[in-house]
J.: 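Structure provided below as structure tokens; questions to follow.
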Protein chains: 2
Amino acid sequence: MDDRRDSLLLDDQLCFALYAASRAVTGLYRPLLDELGLTYPQYLVLLVLWENGDCPVKDLGAALHLDYGTLSPLLKRLEATGLIRRERRPEDERSVRIALTEQGLALREKARDVPPVIGEAMGLPPEEFDALRAALRKLTSSVTAYLG
Amino acid sequence: MDDRRDSLLLDDQLCFALYAASRAVTGLYRPLLDELGLTYPQYLVLLVLWENGDCPVKDLGAALHLDYGTLSPLLKRLEATGLIRRERRPEDERSVRIALTEQGLALREKARDVPPVIGEAMGLPPEEFDALRAALRKLTSSVTAYLG
DNA sequence: CCAGCTTTAGTTGTGCACGATGTAATCGTG
DNA sequence: CACGATTACATCGTGCACAACTAAAGCTGG
């Protein structure tokens, strides 16, 4: 009855803790990514490309849980800065393949400096880091299962 | 050296787990808040007002970690829907007091149905709920301390 | 008193997020 | 093979977030 999960008090809400933490961490990335000429979602797109190689827009959306309405303009901006190319695939003209350029590939080396700084600022020991990440994944999968 | 915190792999990143969880939870609120005619940030503003009563814009910003650039237009929209009033305070003409209207106050009763549904969908037992919230707060405070 | 500082808020511009809608290419099925 | 359904992506409109800039009100020291 007095379960904090059912309260309307701001500080009882997990959702607010999540929202605040997410924005704080994005703000932590901002100055580092500014030096690379990237925004945070653009950085996430490049993480996927660096890890998995070139792929269609659809796969980026699946990896990042983002739709075309978000990705299409974002990818246009990444193309404008010369980090990626967008090429219609001959086998299937509906599909657009996102390919890293030389510049986009080279940026990976500069990006290697980012995670250590972030880890430092978060100030979490490895066990807490892993536990928090696991809890967040569980939450995301519960919620998406509920919505799906 | 092979600390996952220093990797460039998407799934190793706490930041992505956080980003994905935050958007998933916001998406969980969306259909419920649609029925109240609210967006998620607007709901957070009302939580503060319901809890603490009328207050200047500055206090809302402090409670939610949001700046005027975000709040000013948001509050204008809340005023347009009739849930709040914005009144310059005579004592200090710089300050704008945000006051709940009758409608805004009445909406609280409808909002009481929201948290139980959210808690259900999250599927976390109380201990995990509390632990996750505590971890997120710690993270937020580490990060903001580092940035401040 | 008043020059200069701080506080409070608003405005503008950029870039996400996401729902709704549009379109062209491909696929499936009779 | 025709043709309706599906797929992959783009576009548009709304509403955050946040940086940079403006402006008005209040305070403060000389």
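These numbers were taken from a predicted model, which means no experiment stands behind them. Below, each value reflects all heavy atoms present in this structure, side chains not excepted, and no hydrogens, waters or symmetry copies. Proteins come first, then strands; the chains are lettered A, B, ... in the order of their sequence lines, and each starts at number 1.
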J.: Is there a continuous path of hydrophobic side-chain contacts, each under 4.5 Å between heavy atoms, that joins B:Val25 to A:Leu9?
T.: no

J.: Using the closest heavy atom to pick a nucleotide of DNA chain D for each, name whichever of B:Pro90 or A:Tyr19 lands nearer the 5' end.
T.: A:Tyr19

J.: Go nucleotide by nucleotide along DNA chain C from the 5' end; which of A:Thr39 and A:Glu93 gets its closest nucleotide reached first?
T.: A:Thr39

J.: Taking all heavy atoms of A:Pro115 and all of B:Leu8, pick out the closest pair and write down the distance.
T.: CG-CD2, 3.7 Å

J.: Using a heavy-atom distance cut-off of less than 4.0 Å, which residues of residues 40-54 of chain A contact DNA chain D?
T.: none

J.: Quick one: list whatever passes side chain to side chain contact (heavy atoms under 4.5 Å, CB included) with A:Asp113, sequence neighbours left out.
T.: none

J.: Please list, chain by chain and in numerical order, all residues satisfying ring pair (Phe, Tyr, Trp, His ring centres under 6.0 Å) with A:Tyr43, sequence neighbours excluded.
T.: A:Tyr29

J.: By salt bridge (Lys or Arg N to Asp or Glu O under 4.0 Å), which residues pair with A:Arg85, not counting sequence neighbours?
T.: A:Glu87

J.: Ignoring hydrogens and angles, state whether a donor on the side chain of A:Thr70 or A:Asp67 is under 3.5 Å from an acceptor on the partner side chain.
T.: yes

J.: Taking side chain to side chain contact (heavy atoms under 4.5 Å, CB included) as the definition, give me every residue that meets it alongside A:Glu79, ordered by chain and number, with sequence neighbours left out.
T.: A:Ile84, A:Arg86

J.: With sequence neighbours excluded, tell me which residues meet salt bridge (Lys or Arg N to Asp or Glu O under 4.0 Å) with B:Glu51.
T.: none

J.: Taking DNA chain C as the partner, which of residues 20-35 of chain B come within under 4.0 angstrom of it by heavy atom?
T.: B:Arg23, B:Arg30

J.: Whole angstrom is fine here: how far is it from CG in A:Leu78 over to P in C:dG15?
T.: 11 Å

J.: Measuring only between side-chain heavy atoms, which start at C-beta, is A:Val117 closer than 4.5 Å to A:Glu120?
T.: no

J.: Please identify each residue that fulfils side chain to side chain contact (heavy atoms under 4.5 Å, CB included) with B:Ala121, with sequence neighbours left out.
T.: A:Tyr146, B:Leu28

J.: I'd like the 5' and 3' limits of the part of DNA chain D contacted by chain B, with heavy-atom contacts below 4.0 Å.
T.: D:dG15 to D:dG26

J.: Look at the side chain of A:Ser22 and the backbone N and O of B:Ser22, then say whether any donor-acceptor pair between them is shorter than 3.5 Å.
T.: no

J.: With A:Glu128, which residues qualify under side chain to side chain contact (heavy atoms under 4.5 Å, CB included), at least two apart?
T.: A:Leu124, A:Pro125, B:Lys138

J.: State which residues pass salt bridge (Lys or Arg N to Asp or Glu O under 4.0 Å) with B:Arg133; sequence neighbours excluded, sorted by chain then number.
T.: B:Asp130

J.: Using a cut-off of 4.0 Å between protein heavy atoms and nucleotide atoms, how would you tag nucleotides 1-11 of chain C 5' to 3' with B, S and -?
T.: ------BSBBB

